[in-house]
Visitor: 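Shown below is the structure under consideration.
If you're wondering where the values come from, they're calculated on a predicted model, not measured in any experiment. Starting from 1, each residue takes its place in the sequence as its number. Atoms within a ligand are numbered from 1 in the order they appear, just like the ligands themselves.
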Amino acid sequence: MNILILGGGGREHSLAWAVKQNPKCDRLIVAPGNAGIAQIAECADININDGDAVATFAAENTIEFVIIGPEAPLAAGVADRLRDAGLTVFGPSAAAAQLEASKFFTKSVCDAAKAPTAAYARFVQAAPARAYVEKQGAPIVIKADGLAAGKGVVVAMDLATALAAIDDMFGGEFGDAGAEVVIEEFMEGEEASFFILCDGETALPIGTAQDHKRAFDGDQGPNTGGMGAYSPAPVLTDEIAAKAMNEIIRPTLAEMAGRGAPYQGILYAGLMIKDGQPRLVEYNCRFGDPECQVLMMRLGAQALDLMLACAQGRLAEIQVNWAQDHALTVVMAANGYPGAYEKGSVINGLDNLPEDSYHMAFHAGTTEKNGQITASGGRVLNITARGDTLEQAHARAYAMIDQIDWPEGFNRNDIGWRAL
Ligand code: AMP
Ligand code: GLY
């Protein structure tokens, strides 16, 4: 089978790595890909947010199955366009991707589904939003309604921060994404990510993970897209996962089907867990990055069978084969990230790293120049390892990092601390 993966980060490298191991995969193309992906697949430079361009490319290359990595093409309706063209597609319709693309949409679905989540109010003007926050007090959470590249959420521990966030959002800091603002009750607890495959009818949990959002050790410094992750998440016990399925996930999927927008793809639920009770923080309509890297490391080749069954509406027939293993990934980022950073520095030491089902250096933001691997993004490498215990996965990942020579980059040294 000829397979096309859309995206070019560490998430897509790990998807390509898992898919490639499955004998069902004949030809694998990733668009746009990166220097690491180019070592295992063909890369193609197409505009992945343009459904027509992707459909044309897929036809020209006799693609049979398309896996959509990031949220932007999903929100832009690329999955719909490709399904209309007769392709098998992994990823929700634009209507179902509203679960990530609009905070208010998700809140209204939770209301209808009676899914536990933070209390909220929605505003389209600054003055009533400010008045509401002054009445509620801090801590409080201010969210731009639309997609804002992970930056549209302000967890305000004091009133001044909350009011400033409201002014920024209505002032156009996030463009159209901030034209509506959702203000939420601050939830306490421990966060974990829960990943569920959905084919419109059947929901199949495929794993849990926890990530580290802050840039520096000890969960200090600015928020990032994620500096590391590990799977499974010990806080998401079987009992709490079952509760989340019954109280949050299945009611959400039923509500989506009832609205004529059945969800098909991976549903990534961010949960806040306190006193054994999960509550929904947010949905994403794609795999997390870097959470995907630890999930793929654990699932391996079966990931393709699972995604294919999901896209073909056959999830009821399939099972996940779980090993009692653990995986951990450490993000290596360019100095300065998540603020301004330099591009183009050379990374040495990658050639001698082990590459097997226990060790993998996934590339997130790299470009090859004159035979050398150079940094071309903020998050650059995802050093990922698997083991019988989290300790073992941790030791393996950090042993790989010790071999990498890249003075222009940094990483956290305490990924997994909460679980170790
Ligand atoms: P989001 O972009 O929705 O994932 O939000 C980013 C982060 O903000 C989440 O991962 C949480 O850590 C935090 N957050 C979002 N909503 C809440 C809430 N209602 N209470 C506490 N923390 C929240
Ligand atoms: N690591 C968080 C995300 O992918 O949204």
Side-chain angles (χ1 to χ4, degrees), residues 7 9-12 14-15 69-72 74-75 97 99-107 110 115-122 133 136 138-157 161-162 165 169 174 177-178 181-195 208-215 219 222-231 233 235 266-274 278-296 329-331 333 337-338 362 364 378-379 382 384 412 415 418:
R11 169 179 49 211
E12 288 76 22
S14 71
L15 288 167
E71 63 276 19
L74 294 166
L99 281 180
E100 173 164 3
S102 167
K103 308 276 187 207
F104 174 65
F105 179 86
T106 295
K107 286 306 212 181
C110 285
T117 182
Y120 75 102
R122 168 197 186 223
V133 160
Q136 297 290 318
I140 196 157
V141 183
I142 318 293
K143 300 186 173 184
D145 181 73
L147 290 179
K151 298 189 181 87
V153 174
V154 175
V155 179
M157 299 313 288
T161 307
M169 287 178 195
F174 302 108
V181 167
V182 169
I183 301 184
E184 277 185 17
E185 164 201 1
F186 172 80
M187 293 188 285
E188 283 178 10
E190 189 170 344
E191 265 186 279
S193 304
F194 191 23
F195 294 88
T208 65
Q210 260 173 308
D211 77 342
H212 297 259
K213 289 222 160 64
R214 301 297 191 106
D219 288 332
N223 260 314
T224 72
M227 293 300 292
Y230 52 97
S231 171
V235 63
I266 186 78
L267 186 62
Y268 158 4
L271 302 176
M272 190 69 84
I273 297 153
K274 189 166 177 257
R279 293 166 85 192
L280 184 77
V281 178
E282 59 159 357
Y283 283 126
N284 293 303
C285 61
R286 50 171 175 87
F287 282 108
D289 189 346
E291 291 89 335
C292 187
Q293 289 81 316
V294 283
L295 292 176
M296 289 305 127
T329 187
V330 183
V331 172
Y337 174 81
F362 294 119
R379 291 189 292 173
N382 310 135
T384 310
R412 280 184 60 163
I415 298 305
R418 206 187 275 278

Visitor: Once rounded to the nearest 0.5 Å, what's the spacing between atom CD of E282 and atom NZ of K143?
Guide: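 The distance works out to 6.5 Å.
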Visitor: Quick check: closest heavy atoms across K213 and N223, and the distance to 0.1 Å?
Guide: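 Shortest heavy-atom separation between K213 and N223 comes out as CB-OD1, 3.4 Å.
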Visitor: Nearest heavy-atom pair of Q210 and A233: which atoms, and what distance?
Guide: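 For Q210 and A233, the tightest heavy-atom pair comes out as OE1-CB, 3.7 Å.
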Visitor: List every atom of ligand 1 that sits less than 4.0 Å from any heavy atom of F186, numbering the atoms from 1 in the order shown and giving each element.
Guide: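 Those of ligand 1 that fall under 4.0 Å from F186 are 20 (N), 21 (C).
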Visitor: Write down the atom of A333, the atom of M227, and the distance for their closest heavy-atom approach.
Guide: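 Closest pair (atom of A333, atom of M227, distance): CB-CE, 4.2 Å.
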Visitor: Please identify which atoms of ligand 1 are closer than 4.0 Å to at least one heavy atom of E185.
Guide: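 Those qualifying, in numeric order: 18 (C), 19 (N), 20 (N).
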Visitor: Which one holds for E184 and ligand 1: side chain close, backbone close, both close, or neither close, with close meaning a heavy atom under 4.0 Å?
Guide: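 Only the side chain of E184 comes within reach of ligand 1.
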Visitor: Give the contacting part of V155 toward ligand 1: side chain, backbone, both or neither, where contact means a heavy-atom distance below 4.0 Å.
Guide: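 The answer is the side chain of V155.
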Visitor: A162: which residues meet the side-chain contact (heavy atoms from CB on, under 4.5 Å) condition with it, sequence neighbours left out?
Guide: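 Applying side-chain contact (heavy atoms from CB on, under 4.5 Å) to A162 gives V133, I140, I142, A156.
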Visitor: Taking only heavy atoms of K103, which atoms of ligand 1 are found under 4.0 Å from at least one of them?
Guide: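 Those qualifying, in numeric order: 2 (O), 3 (O).
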Visitor: Could you work out, with side-chain contact (heavy atoms from CB on, under 4.5 Å) as the rule, every residue matching L295, not counting sequence neighbours?
Guide: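 Checked L295 against side-chain contact (heavy atoms from CB on, under 4.5 Å); matches are F195, S231, F287.
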Visitor: Identify, by atom number and element, the atoms of ligand 1 in contact range of K143, meaning under 4.0 Å from any of its heavy atoms.
Guide: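 Selected atoms, number and element: 3 (O), 15 (C), 16 (N).
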Visitor: Over all heavy atoms of both residues, which pair between E291 and V294 is shortest? Give the atoms and the distance, please.
Guide: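 Smallest heavy-atom distance, with atoms named: O-CG2, 3.0 Å.
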Visitor: Of all the atoms in ligand 1, which lie at a distance below 4.0 Å from a heavy atom belonging to K213?
Guide: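 Answer for ligand 1: 10 (O).
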Visitor: Would you please determine whether E188 falls within less than 4.0 Å of ligand 1 on a heavy-atom basis?
Guide: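 No; E188 lies far enough from ligand 1 that no heavy-atom distance drops under 4.0 Å.
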Visitor: Quick check for you: to the nearest 0.5 Å, what is the distance between E100 atom CD and E71 atom CD?
Guide: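 Spacing of CD (E100) from CD (E71) equals 4.5 Å.
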Visitor: Go through the structure and list residues passing side chain to side chain donor-acceptor pair (under 3.5 Å) with R122, not counting sequence neighbours.
Guide: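 E180.
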Visitor: Which of the atoms in ligand 1, numbered in the order shown and given with their element, are less than 4.0 Å from a heavy-atom of E282?
Guide: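 The list of qualifying atoms is 1 (P), 2 (O), 3 (O), 4 (O).
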Visitor: Who are the residue neighbours of ligand 2 when the rule is a heavy atom under 4.0 Å from any of its atoms?
Guide: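 For ligand 2, the contacting residues are D211, G225, Y268, R286, G288, D289, P290, E291.
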Visitor: Donor-acceptor check, side chain of R279 to backbone of K274, threshold 3.5 angstrom: yes or no?
Guide: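 No, because the side chain of R279 does not come within donor-acceptor range (under 3.5 Å) of the backbone of K274.
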